[in-house]
Amino acid sequence: MASKIPFNRPFMVGTELDYVAEVLNSGSLSADGPFTQRCAELLEQRFGIAKVLLTPSCTSALEMAAMLSDLGPNDEVLMPSFTFVSTANAFLRCGARPVFVDVRPDTLNMDVDRLEDAITPRTRAIVPVHYGGVGCDMDAIGDLAKRHGLTVIEDAAQGVNAFYRGQALGSLGQLGTFSFHDTKNFVCGEGGALCINTPELIERAEIIRNKGTNRNAFLRGEVDKYTWVDVGSSYVPSEVSSALLYAQLQAMDDITQRREHVYLGYRQRLHDLQEREKLQLPTIPELCQSNYHLFFVITADESTRDRLIAHLRASGIGAVFHYVPLHSSPMGHRLGYADGDLPVTENISRRLVRLPLFCDMTDDEQQRVADGIRQVLDVSTAVGLTSD
Ligand SMILES: *Cc1c(COP(=O)(O)O)cnc(C)c1O
């Protein structure tokens with residue numbers, strides 16, 4: 001039998017071990033050493049972000065964003081249901097209420113036409129999630145936020161090195177968050193960053209990140225001792241993680257090109273199936289530059305999706321579905337949601353399959369995935385792209 005094709009394989013660029021060795025030999029492994037600093041500066045300069053603070057995860061960056069936005073009971077935060085649990089948890093743990101908005105059927109990003117209807121006098125923030133590294137409709141979201149006085153916090157976990165109108169995802173809201181988890185484009189095992197595009201928030205963010213102390217100001221010589229000044233937690237990554245991450249960030253262009261090659265390879269091998277309406281492929285709107293975080297196909301119905309995943313898995317191919325919509329999870333039900341509330345999200349999430357996509361995936365491996373899809377779909381019914 002042919003070798004297995006995993007869903008994901010973290011890609012090492014080659015300099016990671018040297019950088020990690022440098023840290024181990026330096027005598028200091030804790031946070032905010034030279035590599036943490038280098039990563040932050042690289043991200044700030046490349047993406048035009050006023051301040052980047054590295055964190056242990058995107059989850060912790062989202063928690064910091066929620067704390068910085070001073071959200072609490074009675075506040076509502078608009079976000080998609082088609083996202084990872086951390087997007088909602090970060091706000092829920094401050095006592096705010098996640099309000100789920102349906103998505104567009106092409107990009108699976110929040111549908112801005114439905115966003116305005118969801119705004120109430122209690123709405124305080126919008127959290128656009130850039131699914132698969134394809135930007136949300138940030139012009140419309142920015143306009144709405146301005147008109148209603150709302151904070152925009154981008155969950156750009158999947159959107160590192162992707163752009164909207166030439167501007168980096170994560171640089172467009174007041175705050176943004178990145179992930180460097182193993183499954184994302186640039187990895188250090190577990191890691192993340194908070195992007196601060198509102199300079200007035202920088203000082204408080206540093207304090208929250210450093211256990212509620214003014215340690216950063218002390219290290220810069222701005223105060224002569226460091227002390228407890230506010231509520232906070234430990235949202236700092238180890239210097240070992242940052243060393244690993246720095247190697248990856250330096251290779252950002254190479255990593256993105258490799259992913260693009262795989263993404264375009266899938267598109268080329270599968271586009272005739274889309275023309276014959278056997279499946280739907282991802283869309284990248286005109287204003288967006290993707291980082292090719294993922295490639296999905298949407299089948300005609302749930303049973304075709306399940307047959308497709310089963311067939312690919314039986315052929316040793318790691319194809320997977322994605323989110324169980326948050327509003328239809330047990331926690332979503334506790335928040336008062338019911339199945340049927342967000343029809344596009346529910347419909348798409350039942351029909352979506354993510355294909356293996358990693359930097360050193362060979363053309364041969366891609367062909368095997370495409371062949372596997374064809375073995376199921378060449379005999380299936382049409383997707384009915386317009387029948388939603
Ligand atoms: C991966 C992901 C997260 C969580 O990232 P961690 O770094 O694992 O905490 C949050 N939101 C979205 C949309 C993600 O894809």
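When a ligand or atom number is given, it counts from 1 through the structure's own listing order.
Under 4.0 Å is where a charged nitrogen must lie from a carboxylate oxygen, and between D378 and K278 no such pair does. By the 4.0 Å N-to-carboxylate-O rule, D143 lies too far from R147 to be salt-bridged with it.
Within 4.0 Å of ligand 1, heavy atoms belong to protein residues S57, C58, T59, T83, F84, T87, V129, D155, A157, Q158, S179, H181, K184, G191, Y323.
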N/O donor-acceptor pairs under 3.5 Å from side chains in residues 243-253, not counting sequence neighbours:
| residue | atom | partner | partner atom | Å |
| --- | --- | --- | --- | --- |
| Q248 | OE1 | V187 | N | 3.0 |
| Q248 | NE2 | F11 | O | 2.7 |
| Q248 | NE2 | E16 | OE2 | 2.9 |
| Q250 | OE1 | Y19 | OH | 2.6 |
| D253 | OD1 | R46 | NH2 | 2.6 |

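Under the rule for a ring-ring contact (aromatic ring centres under 6.0 Å, His included), F7 has no partner lying at least two apart in sequence or in another chain. Annotation: ring-ring contact (aromatic ring centres under 6.0 Å, His included) contacts of H322 (sequence neighbours excluded): Y131.
In this structure a side-chain-to-backbone donor-acceptor pair under 3.5 Å is missing from N197 to I49.
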